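Heads up, the thing below is written out as structure tokens.
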2 protein chains.
Amino acid sequence: MNHNQSREKILLTATRLFCLRGYHATGMNQILKESGAPKGSLYYHFPQGKEQLAIEALTISRNLVADKLRGNFKIADPVTAVQQHLQMLAEIFSSEERLQEEWFSIVPFGLMAAESAFETEAMRKACEETFFCWEDIYIQKLEEHGYSEDMAKSLSTSLIAMIEGGIILALTQKSGQPLLQVKAIIPNLLNCK
Amino acid sequence: MNHNQSREKILLTATRLFCLRGYHATGMNQILKESGAPKGSLYYHFPQGKEQLAIEALTISRNLVADKLRGNFKIADPVTAVQQHLQMLAEIFSSEERLQEEWFSIVPFGLMAAESAFETEAMRKACEETFFCWEDIYIQKLEEHGYSEDMAKSLSTSLIAMIEGGIILALTQKSGQPLLQVKAIIPNLLNCK
DNA sequence: GTCTATACAAGGATAGAC
DNA sequence: GTCTATCCTTGTATAGAC
């Protein structure tokens with residue numbers, strides 16, 4: 001197995017497990033085992049160990065979500081785009097388990113973010129940047145659609161908070177229902193420029 | 001030290017650490033050390049170990065927040081009450097560190113909830129019940145103020161999601177600012193019966 | 001009720017052969 | 001690039017004295 005193949009497999013597995021189960025709950029052995037990557041290769045590819053893995057995982061997660069958001073915003077108005085995003089998230093929780101696992105790698109970012117706040121500063125920063133990255137995408141779209149600067153900022157922060165919180169409720173209830181409730185109030189929320 | 005004193009000290013310390021740092025990140029030794037409770041007493045008071053401690057901590061957290069919500073709702077209309085709650089939360093993040101520590105025991109419930117979803121079913125259930133408990137408080141208040149049943153339900157779920165998500169953003173940014181952004185859009189959100 | 005000592009597993013990480 | 005073996009620390013939990 002060549003360099004990039006196993007490195008990538010390890011990293012994607014780590015991203016999924018960190019996001020889904022959490023940073024502390026995920027062991028290096030588990031990552032290695034589930035990735036199916038060669039056993040001796042972990043510390044070759046990631047010399048700084050678990051923290052390096054976490055920071056790279058955060059970047060992966062950030063970009064996956066950012067791409068998804070930009071894609072939605074390109075073809076729809078703010079209300080529709082945000083609702084599409086929530087619909088997609090809700091459906092993940094209703095899908096079969098194997099499919100869930102695959103998608104969950106990009107979904108519950110909040111768990112890692114909360115944990116990171118008390119790990120190293122580098123990890124905290126990576127999470128902070130992620131939220132700012134997503135926020136900027138929202139802000140830009142909302143301003144394009146005529147929202148004031150202040151309103152766009154408040155709404156963007158609130159939308160991200162709602163979605164992250166909604167994901168936590170969905171995990172806890174093992175159901176996409178909470179995300180659909182959030183989806184339902186999006187028109188009201190965004191009806192105030 | 002008598003029975004109840006050390007039991008309570010252990011439990012309150014556990015609640016704070018679990019909520020703030022997470023379930024997996026918190027060790028039994030740390031709980032013992034920070035609580036200042038007698039070293040041999042932990043498994044005497046909590047024979048089922050860490051999980052028992054977690055479930056009892058979840059109950060503590062649930063009731064502290066529920067009492068706070070009910071108190072706010074008793075003296076104010078929905079918009080004002082929710083804004084007061086967010087203001088209080090935001091101020092915690094601006095207060096001095098020692099005071100933060102004390103309050104944080106009731107604040108970042110979402111971290112434990114997300115972790116619990118993949119621990120034992122008993123822990124997951126305890127989190128689920130907590131969210132339902134809070135939701136009922138919101139729903140009742142909103143219905144009293146003329147919101148339809150459906151709208152009250154969607155709004156309640158969304159408010160909880162927003163607040164939990166807002167707390168995660170606040171932790172990540174080490175600032176109460178995100179919670180104030182959320183506070184700012186509450187009037188818009190609740191202006192639709 | 002509380003203490004000390006200890007068992008036992010799992011965690012992250014490194015060394016050195018290949 | 002990968003493997004095996006190993007180290008050290010930490011974590012949970014128990015036993016048995018006091």
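In this text the structure is predicted, and so the values were computed from the model without any measurement. Convention: sequence-line order gives letters A, B, ...; per-chain numbering from 1.
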Given atom [atom1] of [X] and atom [atom2] of [N], what is their separation to the nearest angstrom?
| X | N | atom1 | atom2 | result |
| --- | --- | --- | --- | --- |
| B:Leu17 | D:dG11 | CG | C1' | 15 Å |
| B:Glu51 | D:dA13 | CD | C1' | 14 Å |
| A:Glu8 | D:dG1 | CD | P | 14 Å |
| A:Phe46 | C:dT14 | CZ | P | 15 Å |
| A:His24 | D:dG11 | NE2 | P | 10 Å |
| A:Gln5 | D:dT2 | CD | C1' | 14 Å |
| A:Lys33 | D:dC3 | NZ | P | 16 Å |
| B:Leu42 | D:dA13 | CG | C1' | 10 Å |

(request) Run the salt-bridge test on B:Asp150 and B:Lys153 with the 4.0 Å N-O cut-off and return the result as yes or no. (result)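 Answer for the salt bridge query: no.
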(request) Before accepting this row, confirm whether a basic side-chain N of the pair A:Arg7/A:Glu56 lies closer than 4.0 Å to the acidic partner's carboxylate O. (result)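 Between A:Glu56 and A:Arg7 there is a salt bridge, with a charged N closer than 4.0 Å to a carboxylate O.
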Closest nucleotide among [options] to the [X] side chain:
| X | options | answer |
| --- | --- | --- |
| A:Tyr43 | D:dT12, C:dT2, C:dG12 | C:dG12 |
| A:Lys39 | C:dT2, C:dT4, D:dC3 | D:dC3 |
| A:Tyr44 | C:dC3, C:dG12, D:dG1 | D:dG1 |
| A:Lys50 | C:dT2, C:dA13, D:dT4 | C:dA13 |
| B:Met28 | C:dT2, D:dA13, D:dT4 | D:dA13 |
| A:Ser41 | C:dA13, C:dT4, D:dT2 | D:dT2 |

(message) Looking at A:Arg62 and A:Glu129, would you say the former's side chain and the latter's main chain have a donor-acceptor pair under 3.5 Å?
(response)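 No, the answer is negative, given that no donor and acceptor are paired below the 3.5 Å cut-off.
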So which protein N/O to nucleotides 8-10 of chain D N/O distances come out below 3.5 Å?
none

(message) It should be established whether B:His45 places a side-chain nitrogen or oxygen under 4.0 Å from OP1 or OP2 of nucleotide C:dT2.
(response)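 Yes, B:His45 has a side-chain N/O under 4.0 Å of OP1/OP2 on C:dT2.
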(request) Find the distance between OG (B:Ser35) and CD (B:Gln30) and round it off to the nearest 0.5 Å. (result)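 One finds 10.5 Å between OG of B:Ser35 and CD of B:Gln30.
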(message) Applying the side-chain contact (heavy atoms from CB on, under 4.5 Å) criterion to B:Phe18, which one of B:Ile60, B:Thr13, B:Thr26 satisfies it?
(response)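 With B:Phe18 as partner, side-chain contact (heavy atoms from CB on, under 4.5 Å) holds for just one option, B:Thr26.
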(request) Answer yes or no: does atom CD of B:Gln140 have more than 12 heavy-atom neighbours from other residues, nucleotides or ligands under 6.0 Å? (result)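 Not buried by this count: 12 neighbours or fewer within 6.0 Å.
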(message) On DNA chain C, compare the nucleotides closest to A:Tyr23 and B:Gly40; which residue's is nearer the 5' end?
(response)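 Comparing both residues, the 5'-ward one is B:Gly40.
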(request) Only pairs at least two apart or in different chains count here, so list each side-chain hydrogen bond (donor to acceptor under 3.5 Å, both in side chains) that has a residue in residues 176-186 of chain A. (result)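 For residues 176-186 of chain A: A:Gln87-A:Lys183, A:Gln181-B:Ser154.
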